[in-house]
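Read the structure below first, then the notes.
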2 protein chains.
Amino acid sequence: MTKRPADPTNGSAPAARQVPMRDFSRSLPMSLLRAREAVMRQFRPSLREHGLTEQQWRILRALASIEAAEVTELARTAFLLGPSLSRILRDLEARNLIERKTAKADQRRSMVSISKEGVKLMAAVAPTSEAIYAEITSRFGARKLAELQEMLGELEQSLAGLGAGNEASAEE
Amino acid sequence: MTKRPADPTNGSAPAARQVPMRDFSRSLPMSLLRAREAVMRQFRPSLREHGLTEQQWRILRALASIEAAEVTELARTAFLLGPSLSRILRDLEARNLIERKTAKADQRRSMVSISKEGVKLMAAVAPTSEAIYAEITSRFGARKLAELQEMLGELEQSLAGLGAGNEASAEE
DNA sequence: GGGAGATACTTAACATGTTAAGTGAATGCG
DNA sequence: CGCATTCACTTAACATGTTAAGTATCTCCC
């Protein structure tokens, strides 16, 4: 019961299987990674033509939809960690795609918003981006896509507050 | 038909919605990213305790299951780009977790394999890792998990050979 | 058998992911 | 008021993602 037969896809691995584990290529993290990569591969070339990375695009989109936001709020919306966001905002600001001004009430906070140039850039990128998304939807099926996203959301939910684990226990 | 009502979740954004797009937070790439992050968040602490990153762990697992492999093959299996793999192999070799020897027949290729130390490390990490995976499976449901992975695979399939696009057309 | 082209990596350069530490500004409380 | 904490970022340091170049081999065909 401690061993498992070798995966049929590599029929002749001689040894080194002391540690039985799930078939590597079928782990959930790998499945998610591969799927996401398959999707992003479609978008990157178009973004690249406009000098944008995936993350920069996420930020612009987030800003376009929420008008102005504090950095922390933006990080949550664009799903980026603070340090990444900090760097990217610095660069986007240098390119005049966003604007930043410190809040009056609380000098620690700064409000970020998209600039006119930023809006213009979005207008240039959005059509292609939407077309690609439509193509993906069409290929995979709109219904299935909705189902998939539903399941992904449930997965996220079911793991919420598991990794945070030590919420009120040890603290070291 | 060119406009869409604002998302109900941010009822009062004043302007800057010149570019209508899907609700940002519900795009497929974001769903996949969030789901993957929710999963990986569970594993990272344990890996970290053993001084391993997610990618390093992927490589060790891949090597443990296929015995020895060329770098290119390993890149495909562990789903890493060549440059990343090159760096990681350099580091893993320095830590004596893997071994490398150039192939006799073709001096360009090198065969990579896991070392005894590498196997030992895997043995130390695997139990926790499997336990976490079991917990995730249990929370989300084994059946649903299988379904999800099935859909992810189909998504990948349906996009195969779309981004490669220019396979035999333009060439710069 | 020799040189053009293909292969299998490796390096380089820049951007982000991830964790820890730093900085300046608010807050709470004695 | 005064000062320790907390907060909202920003920097720093190290690892990987991503694309483009570089290097050493190998292949093939004239």
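All values below were derived from every heavy atom in this structure, side-chain atoms included, with hydrogens, water molecules and symmetry-related copies excluded. Per chain, numbering begins at 1; letters A, B, ... match sequence-line order.
The salt bridge (charged side-chain N to carboxylate O under 4.0 Å, His left out) search around B/Arg109 returns B/Glu70, B/Asp106, not counting sequence neighbours. Applying the side-chain hydrogen bond (donor to acceptor under 3.5 Å, both in side chains) rule to A/Arg76 yields no partners; only residues at least two apart in sequence or on another chain are considered. For B/Glu99, the side chain to side chain contact (heavy atoms under 4.5 Å, CB included) partners two or more places apart in sequence, or in a different chain, are B/Ser113, B/Ser115. By the salt bridge (charged side-chain N to carboxylate O under 4.0 Å, His left out) test, A/Lys144 is found to be paired with B/Glu154, residues two or more places apart in sequence or in another chain being considered. Checked against salt bridge (charged side-chain N to carboxylate O under 4.0 Å, His left out), A/Asp91 has no partners two or more places apart in sequence or in another chain. Not counting sequence neighbours, A/Glu49 has no partner by the salt bridge (charged side-chain N to carboxylate O under 4.0 Å, His left out) test. By the side chain to side chain contact (heavy atoms under 4.5 Å, CB included) test, B/Arg48 is found to be paired with no residue, residues two or more places apart in sequence or in another chain being considered.
In this structure, B/Ile88 reaches the sugar-phosphate backbone alone: every heavy-atom distance under 4.0 Å involves primed, P, OP1 or OP2 atoms, never a base. Across all strands shown, B/Ser86 has heavy atoms under 4.0 Å from base atoms, whether or not it also approaches the sugar-phosphate. Across all strands, B/Leu85 comes closer than 4.0 Å to no nucleic acid atom at all (heavy-atom distances). Nucleic acid contact for B/Glu37: sugar-phosphate only, since backbone atoms but no base atoms lie under 4.0 Å from a heavy atom of the residue.
What separates CG of B/Leu52 from P of D/dC14 is a distance of 18 Å, to the nearest Å. If you take CZ of A/Phe79 and C1' of C/dT18, they are 13 Å apart, rounded to a whole angstrom.
For D/dT18, neither phosphate oxygen OP1 nor OP2 lies less than 4.0 angstrom from any side-chain nitrogen or oxygen of B/Ser84. Contact check, A/Thr53 against C/dT16: a side-chain N or O comes under 4.0 Å of OP1 or OP2. At least one side-chain nitrogen or oxygen of B/Arg100 sits closer than 4.0 Å to the OP1 or OP2 atom of C/dT10.
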Could you run through nucleotides 20-28 of chain C and give me one letter per nucleotide, 5' to 3': B if any protein heavy atom sits under 4.0 Å from the base, S if only the sugar-phosphate is that close, - if neither? B---BBS--
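Within residues 27-35 of chain B, no residue approaches DNA chain D, by heavy-atom distance under 4.0 Å.
Taking the side chain of A/Val71 as heavy atoms from C-beta on, and the options C/dC9, C/dT16, D/dT10, the nearest nucleotide is D/dT10. Which of D/dG17, C/dT19, D/dA13 sits closest to the side chain of A/Arg87 comes down to D/dA13. Distances were taken from every side-chain heavy atom of A/Arg109 (C-beta onward) to each of D/dC7, C/dT16, D/dG17; the shortest belongs to D/dC7.
When each of B/Gly82 and A/Thr72 is assigned the nucleotide of DNA chain D with its nearest heavy atom, A/Thr72 is the one assigned upstream, toward the 5' end.
Taking 3.5 Å as the limit, the base of D/dG17 and the side chain of A/Arg44 contain no donor-acceptor pair of atoms between them.
One N or O on the side chain of A/Gln56 and one on the backbone of A/Thr53 form a donor-acceptor pair closer than 3.5 Å.
Remark: the A/Gln107 side chain and the A/Thr102 side chain contain no N/O donor-acceptor pair separated by less than 3.5 Å.
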